**Q** 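The structure is given below, and queries will be raised subsequently.
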Amino acid sequence: MKFGVIGAGQMGAGIAQVAAQAGFTVVLRDVEERFLQRGRSVIERSLAKLHEKGKLDATPEDVIGRVSFTTALEDFAACDVVVEAIVEDEAVKKALFADLGRIVQPSGILASNTSSIPITSLATASGRPERFIGMHFMNPVPLMALVEVIRGYATSDETAAFVVDAARRMGKTPLSCNDFPGFVSNRVLMPMINEAIQCVMEGVAEPEAIDGIMKLGMNHPMGPLTLADFIGLDTCLAIMEVLHRGLGDDKYRPSPLLRKMVQAGLLGRKSGRGFYTYGTA
Ligand SMILES: CC(=O)CC(=O)SCCNC(=O)CCNC(=O)[C@H](O)C(C)(C)COP(=O)(O)OP(=O)(O)OC[C@H]1O[C@@H](n2cnc3c(N)ncnc32)[C@H](O)[C@@H]1OP(=O)(O)O
Ligand SMILES: NC(=O)C1=CN([C@@H]2O[C@H](COP(=O)(O)OP(=O)(O)OC[C@H]3O[C@@H](n4cnc5c(N)ncnc54)[C@H](OP(=O)(O)O)[C@@H]3O)[C@@H](O)[C@H]2O)C=CC1
């Protein structure tokens with residue numbers, strides 16, 4: 001299987017890694033060499049950790065040897081499937097899928113790892129809506145079991161079956177849903193995170209207390225503010241905007257504090273600061 005991944009950020013790097021662990025030949029693209037380098041070191045660190053714990057079937061060198069790094073979209077021409085994991089912005093994703101629709105071989109499947117953007121709208125932009133689908137991995141990709149599979153209006157049964165099989169070969173559990181704003185995962189998760197941010201804004205409790213209450217009281221592995229920092233506050237805001245616009249109900253209104261933090265460049269772990277401060281950006 002020739003497996004393409006576009007975007008070497010936290011999600012794209014993880015998706016490329018688990019595809020390579022499954023034995024696929026992987027091509028990973030970002031817009032600049034330095035982002036590819038960053039993605040490569042994220043993969044190397046993760047593989048080293050898994051190897052140390054005896055959780056890798058091959059050596060880290062063999063796994064990363066299956067990944068080629070590129071800035072050229074033409075390198076995706078022969079892919080059987082391409083998963084997009086770039087910034088959560090509908091216009092940017094549509095422009096990319098229009099290009100991919102022209103470049104990737106006609107039999108190739110195009111998939112988006114979007115957290116919330118309508119799959120049907122991206123599928124139309126690609127010019128191949130039958131061979132288009134949502135393949136939504138969870139963060140951190142190497143550790144999380146789920147792939148949410150989202151069928152667009154025109155997604156064919158063959159496309160859905162192909163992606164379900166690919167997800168299983170990657171060691172994941174695929175679960176399917178239909179194309180509604182935020183799908184299932186973020187329609188349920190993100191309003192909780194937004195409400196936790198609203199609690200900070202209203203002075204209900206300090207961030208540490210909010211996280212502690214949800215961790216110890218609800219057995220969540222991470223508190224909602226730690227999780228928001230982990231996901232990226234820009235991505236959280238983009239998802240809330242899609243829910244608010246798409247479902248039209250003010251209960252999905254993004255917290256003004258979330259908006260202000262994104263405006264201030266506080267994006268969470270990836271920028272070094274969000275609700276908490278991190279040693280390395
Ligand atoms: C926004 C969207 O569209 C959708 C989403 O993805 S929403 C986000 C979904 N994800 C979550 O909700 C994650 C919630 N958090 C968790 O499940 C857990 O905290 C976790 C799985 C991330 C970490 O597990 P943990 O046991 O709580 O923490 P931690 O001890 O730090 O990690 C366990 C080990 O995994 C390792 N690890 C962490 N990330 C890793 C990675 N990417 N690769 C390999 N190993 C990794 C850690 O280094 C650690 O190793 P040691 O035990 O040797 O120190
Ligand atoms: N963060 C999360 O927990 C999850 C995120 N997602 C989704 O995955 C996608 C990626 O998110 P995430 O990895 O967190 O984001 P990141 O910001 O970590 O990474 C996005 C990457 O894509 C690059 N990029 C931007 N535009 C292009 C382009 N036109 N072509 C190629 N690469 C490009 C970015 O480069 P640059 O740095 O220059 O912007 C960056 O390296 C989003 O759609 C998000 O909603 C899905 C599940 C979980």
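First listed ligand is number 1; within each ligand, the first listed atom is number 1. What you see is a predicted model; the values in this text were computed from it and never measured.
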**Q** Pick, from Val42, Ile43, Asn139, the option with the minimum heavy-atom distance to atom 8 (C) of ligand 1.
**A**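 The residue whose heavy atom sits nearest atom 8 (C) of ligand 1 is Asn139.
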**Q** I want to know if ligand 2 touches Asp234 in the polar sense, i.e. an N/O pair below 3.5 angstrom.
**A** no
**Q** Kindly write out the residues that satisfy side chain to side chain contact (heavy atoms under 4.5 Å, CB included) with Asp249, not counting sequence neighbours, or none if the list is empty.
**A** Lys251, Tyr252
**Q** What part of His136, side chain, backbone, both or neither, has a heavy atom within less than 4.0 angstrom of ligand 2?
**A**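 Within the 4.0 Å criterion, His136 contacts ligand 2 through side-chain atoms alone.
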**Q** Report the member of Asn113, Thr114, Ile86, Val87 with the shortest heavy-atom distance to atom 42 (C) of ligand 2.
**A**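 Among Asn113, Thr114, Ile86, Val87, the closest heavy atom to atom 42 (C) of ligand 2 belongs to Ile86.
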**Q** Counting C-beta onward and ignoring hydrogens, is there a side-chain heavy-atom pair between His244 and Asp250 closer than 4.5 Å?
**A**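 His244 vs Asp250: side chains touch.
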**Q** For ligand 1, which atoms, with element, lie under 4.0 Å from some heavy atom of Pro140?
**A**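 Counting from 1, the qualifying ligand atoms are 22 (C), 42 (N).
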**Q** Is the closest N or O pair between Glu84 and ligand 2 shorter than 3.5 Å?
**A**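 No, since none of the N or O atoms of Glu84 sits under 3.5 Å from an N or O of ligand 2.
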**Q** Would one find an N or O of Asp30, backbone or side chain, under 3.5 Å from an N or O of ligand 2?
**A** yes
**Q** Going by heavy atoms in the side chains, are Leu146 and Leu175 under 4.5 Å from each other?
**A**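 Touching, per the 4.5 Å side-chain cut-off.
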**Q** Taking N or O atoms only and a 3.5 Å limit, does Met11 qualify as a polar contact for ligand 2?
**A** yes
**Q** Taking Arg151 first and then Asp157, would you say they form a salt bridge - that is, a charged N and a carboxylate O separated by under 4.0 Å?
**A**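 Yes, Arg151 and Asp157 are salt-bridged.
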**Q** I need the atoms of ligand 1 closer than 4.0 Å to a non-hydrogen atom of Leu189, numbered in the order shown.
**A** 7 (S)
**Q** For Ile231, counting its heavy atoms only, list the atoms of ligand 1 lying under 4.0 Å from any of them.
**A** 1 (C), 7 (S)
**Q** Quick one: does Asp234's side chain have a donor or acceptor within less than 3.5 Å of a partner on Leu267's backbone?
**A**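 Flag not set: sc Asp234 to bb Leu267 has no pair under 3.5 Å.
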